[in-house]
Amino acid sequence: MIEMSPIEIEGRTFLCITVRLPKTNLLVVTGDRGYIMCGALDVALLNEKLKTRKVIAGRAVGVKTIEELLEAPLESVTFEAENMGAIKGMVGKEALLLMNDRQPD
């Protein structure tokens, strides 16, 4: 099952997506430019093999709900997320605000 719902953080709207799979859930909170995701996100792949895509994203591990994802410190972020001000160890919702602060180029 796939669940989608909006969430507001400091007056900004983001989309929460939960994909319920056997024995695990995929969790994503996305804005217009960047997103955070559960441990299924492969940041190394995005930074290395897909670097030309300039993906703005962060990964939190050990989270089981959207609420935990928003409050968890990020275990890793893409190079493009770093360029937006997001850093490893930053709480998910703070990183979301930074990664989605600027208008698209």
Side-chain angles (χ1 to χ4, degrees):
M1 178 189 331
I2 300 173
E3 299 171 6
M4 296 190 306
S5 61
I7 189 170
E8 191 171 303
I9 303 170
E10 294 188 18
R12 309 262 329 265
T13 302
F14 295 90
L15 180 62
C16 301
I17 304 164
T18 301
V19 180
R20 298 199 186 281
L21 300 170
K23 300 185 182 183
T24 193
N25 292 327
L26 298 179
L27 305 169
V28 181
V29 181
T30 187
D32 294 335
R33 298 195 68 198
Y35 62 93
I36 58 173
M37 189 172 169
C38 64
L41 180 66
D42 189 342
V43 171
L45 174 76
L46 296 175
N47 280 339
E48 296 164 15
K49 299 195 185 274
L50 303 177
K51 64 183 171 187
T52 59
R53 295 185 187 184
K54 298 183 177 181
V55 175
I56 303 168
R59 172 184 181 206
V61 294
V63 296
K64 296 180 182 175
T65 66
I66 292 292
E67 293 75 21
E68 289 178 1
L69 177 59
L70 290 168
E71 296 299 328
L74 297 181
E75 178 267 341
S76 56
V77 297
T78 62
F79 296 143
E80 292 300 318
E82 286 179 346
N83 289 340
M84 301 293 291
I87 58 171
K88 177 181 174 178
M90 180 176 279
V91 171
K93 65 183 171 185
E94 293 173 5
L96 272 173
L97 291 167
L98 289 171
M99 291 189 284
N100 292 283
D101 193 38
R102 300 185 192 152
Q103 294 300 315
D105 300 329

S.K.: Please answer whether the main-chain N or O of E3 pairs with a side-chain N or O of T18 as donor and acceptor at a distance below 3.5 Å.
M.R.: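 Here the side-chain-to-backbone pair does not exist.
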
S.K.: Which side-chain N or O atoms in residues 86-95 pair as donor and acceptor under 3.5 Å with protein atoms at least two apart or in another chain?
M.R.:
| unit_1 | atom_1 | unit_2 | atom_2 | d |
| --- | --- | --- | --- | --- |
| K93 | NZ | E71 | OE2 | 2.8 |

S.K.: With rounding to the nearest 0.5 angstrom, report the CG to CD1 distance, L98 to I56.
M.R.: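 Those atoms lie 11.5 Å apart.
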
S.K.: Would you check if the side chain of R12 reaches a backbone N or O of L96 as a donor-acceptor pair within less than 3.5 Å?
M.R.: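 Judged by distance alone, no pair lies under 3.5 Å.
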
S.K.: List the atom of A60, the atom of L69, and the distance in Å for their closest heavy-atom pair.
M.R.: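 It is CB-CD1, 3.8 Å.
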
S.K.: Rounded to the nearest 0.5 Å, what separation is found between the CG atom of N100 and the OG1 atom of T13?
M.R.: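 So the CG of N100 and the OG1 of T13 are separated by 11.5 Å.
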
S.K.: Side chains of L15 and Y35, heavy atoms from C-beta outward: is any pair under 4.5 Å?
M.R.: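 Side chain of L15 against side chain of Y35, heavy atoms only: no contact under 4.5 Å found.
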
S.K.: Could you tell me the separation between the CD atom of E82 and the OG atom of S76, rounded to the nearest 0.5 Å?
M.R.: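 It comes to 9.5 Å.
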
S.K.: Is the backbone N or O of G39 less than 3.5 Å from a side-chain atom of R59, with the two atoms forming a donor-acceptor pair by type?
M.R.: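 At least one qualifying donor-acceptor pair exists.
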
S.K.: Could you report the tightest heavy-atom contact between A57 and L41, atom names first, then the distance?
M.R.: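 Between these two residues, the closest heavy atoms are CB-CD2, 3.9 Å.
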
S.K.: Would you check if L46 and E80 make a side-chain contact, meaning some heavy-atom pair closer than 4.5 Å?
M.R.: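 Side chain of L46 against side chain of E80, heavy atoms only: no contact under 4.5 Å found.
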
S.K.: Let me confirm one number: the CZ-CD1 distance from F14 to I66, rounded to the nearest 0.5 Å.
M.R.: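 The CD1 atom of I66 is 12.5 Å from CZ of F14, to the nearest 0.5 Å.
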
S.K.: Give a yes or no on this: more than 12 heavy atoms of other residues, nucleotides or ligands lie within 6.0 Å of atom CD of E8.
M.R.: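 More than 12 within 6.0 Å, yes.
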
S.K.: Is V63 linked to V61 within one hydrophobic cluster, defined over Ile, Leu, Val, Met, Phe, Trp and Tyr using a side-chain heavy-atom separation of less than 4.5 Å?
M.R.: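 No, V63 does not connect to V61 through the hydrophobic network.
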
S.K.: Between side-chain atoms of residues 22-31 and protein atoms elsewhere (two or more places apart, or another chain), which donor-acceptor pairs fall under 3.5 Å?
M.R.:
none

S.K.: Tell me whether L70 is reachable from M37 by hopping between hydrophobic residues (I, L, V, M, F, W, Y) whose side-chain heavy atoms are closer than 4.5 Å.
M.R.: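 In one cluster: no.
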
S.K.: Spell out, as yes or no, whether a donor-acceptor pair under 3.5 Å connects the side chain of N47 to the backbone of T78.
M.R.: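 Pair absent, no side-chain N/O of N47 close to backbone of T78.
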
S.K.: How close do A81 and M99 get, heavy atom to heavy atom, and via which atoms?
M.R.: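 Looking at all heavy atoms of both residues, the closest pair is CB-SD, 3.6 Å.
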
S.K.: Is I17 reachable from M1 through a run of hydrophobic residues whose side-chain heavy atoms are each under 4.5 Å from the next?
M.R.: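 Looking at the clustering, I17 is in a separate group from M1.
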
